[in-house]
Amino acid sequence: MDRKIRMKPLNFEESLVWYTIIGTYGLYLFGAQPIVIPIVAWILVAYLGKKVWQQSKENTVREITISSTTWLWMISMCIIVVAIIIGNLDFNVDTVRLMKSVFKWTREHALWGLLPLVACLNIRPKLIYRAVCILCAQSLIVIPICYLAYLLRLPTSTLYVSPLAKVGGNSPDLYSVVLYFLDYDSNQVRLALFSPWAPNLALISLIYFFIARQETNKKWRRIGMIGALAMVLVSVSRAAILSFPVILLLTWLLTNFTRPGIYFATGIGSFLLSIFSTQITNFISNLTEQVHGARATSSEARINLIKLSLDKWWNEAPIWGHGYTEPIGPAIVYFLPVGTSGCGTWVNLLYTKGLVGFMAFAVPFLWSLIYLVIQAQRSAIAKTGLSIILVFFFFSFTEELDLLAYLYWPGLLMLGIALRAETQSVSTLLRFKNTLLES
């Protein structure tokens with residue numbers, strides 16, 4: 001049946017999600033992603049508020065219910081904006097700087113609360129699966145074009161920066177159109193496609209792989225998975241290549257750990273690890289050195305940036321953070337902003353939002369992970385959500401997750417759909433109760 005019927009949105013929320021995903025490359029060419037995606041999220045929240053109001057006013061059966069985990073994310077993101085405000089005020093920044101920091105929150109960290117929230121709307125997971133597969137198919141067309149540009153020796157620098165950069169703010173790279181990059185250490189070709197930097201594409205691609213894997217149409221599923229893996233390869237991301245098999249293995253282990261065979265296999269694995277522990281340790285050590293050596297400049301800058309950011313956080317603003325990143329760092333970190341994405345998510349949280357912001361993000365993250373491990377034992381959607389949050393976990397040490405929320409937003413939406421499972425039983429009971437009262 002799914003092969004014959006063309007997938008299409010059935011309501012307002014699905015239309016907004018569908019056309020935004022499949023129109024990703026169009027938004028990228030206009031440099032509109034950093035602006036349009038947060039607007040879409042806030043529009044869906046407003047629409048959700050309208051639906052909840054009508055539901056309450058008409059005193060009907062509650063078809064929209066919000067899970068406790070989603071509420072935890074919302075409350076935690078509100079705590080983060082409080083940390084941002086206090087952090088800025090502690091360093092006596094002007095009103096304009098403070099307003100910019102809060103505005104930045106509305107389209108970055110806020111999406112971690114908003115998108116799981118709007119997942120309570122009537123958005124079918126299979127619509128997201130198909131839309132992501134279509135986007136991956138588009139990437140299979142764009143990738144050869146980018147490599148052709150390299151073969152023709154077209155310029156590696158930015159083709160153009162969208163005028164929307166003056167409206168949206170942040171780095172001009174977010175609004176730039178680039179065909180390909182040349183790695184400054186190895187001179188290797190890397191693609192970023194619809195993302196600003198190649199490592200960002202790797203993060204998005206892994207999330208899309210696990211979403212596309214749930215597509216029921218075999219043809220689209222193959223296209224989506226192949227397209228996602230192709231995006232991982234062209235990004236030439238060390239983190240993605242190393243973490244991908246680990247995430248696959250962890251997802252399998254965490255969704256099958258109740259089976260007796262897993263205990264038997266784990267016992268044998270532990271025994272073999274104890275025997276070959278020295279060889280394995282040496283192998284990992286050599287592999288780590290090779291990975292760092294592949295881009296020595298990048299690795300050195302990242303390590304120094306982490307050390308400097310942690311030192312300034314601990315000595316200057318341990319509780320509430322600095323509120324914002326320094327625009328230009330010292331020469332030892334190649335003038336990269338202190339506390340920025342080169343530090344990873346957790347160091348960035350400590351530097352900009354302090355211990356309060358760090359805990360506000362870590363608590364719902366850990367809770368969601370535990371919840372999805374439990375639900376994934378019997379739910380395919382929860383299993384997808386588990387894979388997605390594992391991708392977030394691994395990349396949280398190399399990327400600034402909140403800055404990229406507008407890029408991987410379908411992953412946050414799927415995460416919200418996976419988290420709303422706990423409300424389904426409540427809705428069923430309410431409908432049953434209503435039926436009994438009417439009879």
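The structure presented is a predicted model; accordingly, all values stated were derived computationally and were not measured. As a basis for the values below, the full set of heavy atoms in this structure was taken, side chains included, without hydrogen atoms, waters or symmetry mates.
Within 6.0 Å of the OH atom in Y47, the count of heavy atoms belonging to other residues, nucleotides or ligands exceeds 12.
Counting heavy atoms from C-beta on, the side chains of I247 and F394 come closer than 4.5 Å. Side-chain contact between E108 and P34 is absent, with no heavy atoms from C-beta onward closer than 4.5 Å. Contact of the T352 side chain with the I84 side chain is not registered, since no non-hydrogen atoms from C-beta on lie closer than 4.5 Å. Taking 4.5 Å as the limit, every side-chain heavy atom of E14 sits out of range of all side-chain heavy atoms of V17.
Side-chain contact, E400 with T345: no donor N or O sits under 3.5 Å from an acceptor N or O. Using modelled atom types and a 3.5 Å distance limit, the side chains of E399 and N200 yield a donor-acceptor pair. Looking at T106 and W42, their side chains never bring a donor and an acceptor atom within 3.5 Å of each other. Remark: the S195 side chain and the Y28 side chain contain no N/O donor-acceptor pair separated by less than 3.5 Å. Residues T251 and S387 have side chains that bring a donor and an acceptor to within less than 3.5 angstrom of each other.
Of all heavy-atom pairs between R213 and L248, the closest is NH1-CD2, 3.6 Å.
A tilted orientation is assigned to the rings of F365 and F393, their planes being inclined by 30° to 60°. Below 30°, between 30° and 60°, or above 60°: for W112 and F361 the angle between ring planes is above 60°, a perpendicular geometry.
Judged purely by atom type and a 3.5 angstrom limit, N315 uses its side chain to pair as donor or acceptor with the backbone of D311. Side-chain atoms of N11 come within 3.5 Å of backbone N or O of N122 as a donor-acceptor pair. Here the side chain of Q377 pairs a donor or acceptor atom with the backbone of L254 at under 3.5 angstrom. The main-chain N or O of G354 is never found under 3.5 Å from a side-chain atom of W320 such that the two would form a donor-acceptor pair. S162 places a side-chain N or O within donor-acceptor distance of the main-chain N or O of F30, the cut-off being under 3.5 Å. Of the possible donor and acceptor atoms, one in the side chain of T24 sits under 3.5 Å from a partner among the backbone N and O of I21. Side-chain N or O atoms of S67 include none that pairs as donor or acceptor with a backbone N or O of R420 at under 3.5 Å. In terms of modelled atom types and a separation under 3.5 Å, the side chain of S379 and the main chain of Q375 share no donor-acceptor contact. For W220 (side chain) and C133 (main-chain N/O), no donor-acceptor pair under 3.5 Å exists by modelled atom type. The closest donor-acceptor contact from the side chain of R107 to the backbone of Y406 lies at 3.5 Å or more, if one exists at all.
Paired with E215 under the rule side chain to side chain donor-acceptor pair (under 3.5 Å), one option of R221, R222, K126, R130 passes, and it is R130. The ring pair (Phe, Tyr, Trp, His ring centres under 6.0 Å) with Y408 is formed by just one residue from the set F392, F210, F395; it is F392. Results of the side-chain contact (heavy atoms from CB on, under 4.5 Å) test with W18 over I128, L10, I134, I123 single out I134 as the only residue that passes.
With rounding to the nearest 0.5 angstrom, the CG atom of L114 is 12.5 Å from the CD1 atom of I43. Considering CE of M231 and CG of L140, their distance stands at 8.0 Å, rounded to 0.5 Å.
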